[in-house]
Amino acid sequence: MDGDKKLGPFTIKELKDKNLNRDSRIWYYGLEEWTKLSDIIELKEIFSSLPPELTTRKHQVNKEIFGTQKTQNITSQIEVPKKKNDTNIKWIIIGLVALIIILLIYKSFKNQTDNHLYESISTSSYESDEDFQMYVDKFYRDVGVYGIFPKKPKTTIIRFAKLDQLHNTTHIHGLSYGINDDDRIEIYINPSTWKSFNKPMRYFLMYHELAHDILNVDDLDEKTINEGKLMYPAIADYEKKDMDDFIESSHALFEEIAEKQ
């Protein structure tokens, strides 16, 4: 039955070819009234292959709603960490910028402090009768024995400066300012230290500063293992090293530098 129009009769095979749905009304001999196709067990092979229109539509709506919600949830799960990561990156950048600014300020302050100290030392320095050039000439001869031939500088300044009377240098025996500048040797020696040091200790002091200015060698760390080496930064006047100690220490440094060349 299609609406109020009755069609048929049809065989089961012919019914399969009709455009039926589960709500299509069917009647055949034995039925009391027109009955929905889906309620006729004998025609199960026909209606079981047909989707119910109403149910299908409702399921599709639910599916679309669920799909929308699922998409929104996924989007939300993706966007929240992204915003969090963006925030973290933002704070990391701010932190790095702040650190750079602090380092620049510190460097500027340190440069001003170093420049002020240098001016105080250089302006208070003075010439003397001490033959510092003798140590320079001997230093070049000694390193030449090991095949080390550094460039000779255009300017050589070695003077006494009263480091024990200046702020931040009261315990310093000598300072060099020509490191990493092959055109300059600039060394200032504390006169009271020079007076108290014996000959080997004076060689220790001069060769230590000349190694800075001529060979561009840095100080060693103040560790027990480095004590007694030429580039150990602390030399006490009570050590009273002898010339054998000096020769062993200076030659060890020259051998190490020669091996690296």
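Here, residue 1 is the first one in the sequence, and each next residue gets the next number. Worth knowing before you read on, the calculation uses all heavy atoms, side chains too, and leaves out hydrogens, waters and symmetry mates.
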Check salt bridge (charged side-chain N to carboxylate O under 4.0 Å, His left out) between [X] and all other residues, then give those that pass, not counting sequence neighbours.
X	answer
Glu127	Arg159
Lys138	Asp142
Glu248	none

Practice task
Could you please spell out the steps behind the ring-ring contact (aromatic ring centres under 6.0 Å, His included) verdict for Tyr135 and Trp194?
Solution key: CA-CA 14 Å; Tyr135 294 94; Trp194 192 259; 5.7 Å; yes

Exercise for the section: Evaluate the ring planes of Tyr126 and Phe160, with Trp represented by its six-membered ring, and classify them as parallel (under 30°), tilted (30 to 60°) or perpendicular (over 60°). Expected result: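 Judged by the thresholds at 30° and 60°, the geometry between Tyr126 and Phe160 is tilted.
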
Nearest-0.5 Å distance that lies between atom [atom1] in [X] and atom [atom2] in [Y]:
X	Y	atom1	atom2	result
Glu33	Ile26	CD	CD1	13.5 Å
Leu163	Ile121	CG	CD1	5.5 Å
Ile172	Tyr188	CD1	OH	14.0 Å
Ser125	Leu175	OG	CG	12.0 Å

Practice task
Please answer whether the main-chain N or O of Gly228 pairs with a side-chain N or O of Ser249 as donor and acceptor at a distance below 3.5 Å.
Solution key: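 Yes.
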
Handout entry: Check: Ser128 side chain, Glu130 main-chain N or O, donor-acceptor pair, under 3.5 Å
Key =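 At least one qualifying donor-acceptor pair exists.
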
Exercise for the section: Give the C-alpha distance, both sets of side-chain angles, the deciding distance and a yes or no for side-chain contact (heavy atoms from CB on, under 4.5 Å) between Tyr140 and Val136. Expected result: CA-CA 6 Å; Tyr140 275 104; Val136 177; 3.7 Å; yes

Handout entry: side chain to side chain contact (heavy atoms under 4.5 Å, CB included) against Leu99, all qualifying residues, sequence neighbours excluded
Key =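 For Leu99, the residues satisfying side chain to side chain contact (heavy atoms under 4.5 Å, CB included) (neighbours in sequence not counted) are Leu103.
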
Problem - side chain to side chain contact (heavy atoms under 4.5 Å, CB included) partners for Ser250, two or more places apart - result: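 Side chain to side chain contact (heavy atoms under 4.5 Å, CB included) check on Ser250 returns Tyr207, Leu230, Phe246, Phe254.
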
Exercise for the section: Please report the C-alpha distance between Asp182 and Asn216 in whole Å, then the side-chain angles of each, then the deciding distance to 0.1 Å, and finally whether the side chain to side chain donor-acceptor pair (under 3.5 Å) criterion is met. Expected result: CA-CA 8 Å; Asp182 294 338; Asn216 300 317; 3.3 Å; yes

Handout entry: Heavy-atom pair of closest approach, residues Met231 and Ala211
Key =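 For Met231 and Ala211, the tightest heavy-atom pair comes out as SD-CB, 3.6 Å.
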
Practice task
For Ser120 and Ser124, work out which heavy atoms get closest and say how close.
Solution key: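 Residues Ser120 and Ser124, closest heavy atoms: O-OG, 2.8 Å.
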
[Y] side chain reached by [X] side chain, heavy atoms, under 4.5 Å:
X	Y	result
Lys90	Asn88	no
Pro191	Lys162	yes
Leu205	Met201	no
Ile187	Ile189	yes

Practice task
Spell out, yes or no, whether Leu253 and Ile179 are grouped together once hydrophobic residues are joined by side-chain heavy atoms under 4.5 Å, including indirect joins.
Solution key: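 Leu253 does not cluster with Ile179.
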
Problem - Hydrophobic cluster membership, Tyr232 vs Leu210, 4.5 Å side-chain cutoff - result: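 No, it is not one cluster - the side chains of Tyr232 and Leu210 are not joined through contacts under 4.5 Å.
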
Practice task
Supply the members, apart from Trp91, of the Ile/Leu/Val/Met/Phe/Trp/Tyr cluster built from side-chain contacts under 4.5 Å; use none for a lone residue.
Solution key: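 Traced through the cluster, Trp91 reaches Ile94.
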
Practice task
Quick one: name the residues clustered hydrophobically with Ile92, using the 4.5 Å side-chain heavy-atom rule over I, L, V, M, F, W, Y, and just say none if it's on its own.
Solution key: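 Its cluster partners, ordered by chain and number, are Leu96.
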
Practice task
Return each pair, listed once, that meets salt bridge (Lys or Arg N to Asp or Glu O under 4.0 Å) where at least one residue sits in residues 250-261; pairs must be two or more places apart or across chains.
Solution key: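 Of all non-adjacent pairs touching residues 250-261, those that pass salt bridge (Lys or Arg N to Asp or Glu O under 4.0 Å) are Glu256-Lys260.
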
Practice task
Would you list the pairs meeting salt bridge (Lys or Arg N to Asp or Glu O under 4.0 Å) in which at least one residue belongs to residues 189-217, sequence neighbours left out?
Solution key: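 Salt bridge (Lys or Arg N to Asp or Glu O under 4.0 Å) check on residues 189-217 returns no pairs.
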
Side chains of residues 145-158: which donor-acceptor pairs under 3.5 Å do they make with residues two or more places apart or in other chains?
unit_1, atom_1, unit_2, atom_2, d
Tyr146, OH, His251, ND1, 3.1
Lys151, NZ, Asp183, OD1, 2.8

Practice task
Verify side-chain contact (heavy atoms from CB on, under 4.5 Å) between Leu215 and Phe139, making sure each step is shown before the conclusion.
Solution key: CA-CA 10 Å; Leu215 301 179; Phe139 186 91; 3.8 Å; yes

Between side-chain atoms of residues 218-225 and protein atoms elsewhere (two or more places apart, or another chain), which donor-acceptor pairs fall under 3.5 Å?
unit_1, atom_1, unit_2, atom_2, d
Asp219, OD1, His208, NE2, 2.9
Asp219, OD1, His212, NE2, 3.0

Problem - Under the side chain to side chain donor-acceptor pair (under 3.5 Å) test, residues paired with Asp242 that sit two or more places apart - result: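 Scan of Asp242 (side chain to side chain donor-acceptor pair (under 3.5 Å), adjacent residues dropped) gives none.
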
Problem - Trace of the side chain to side chain donor-acceptor pair (under 3.5 Å) decision for Asn115 with Glu119 - result: CA-CA 6 Å; Asn115 290 338; Glu119 290 176 4; over 6 Å; no

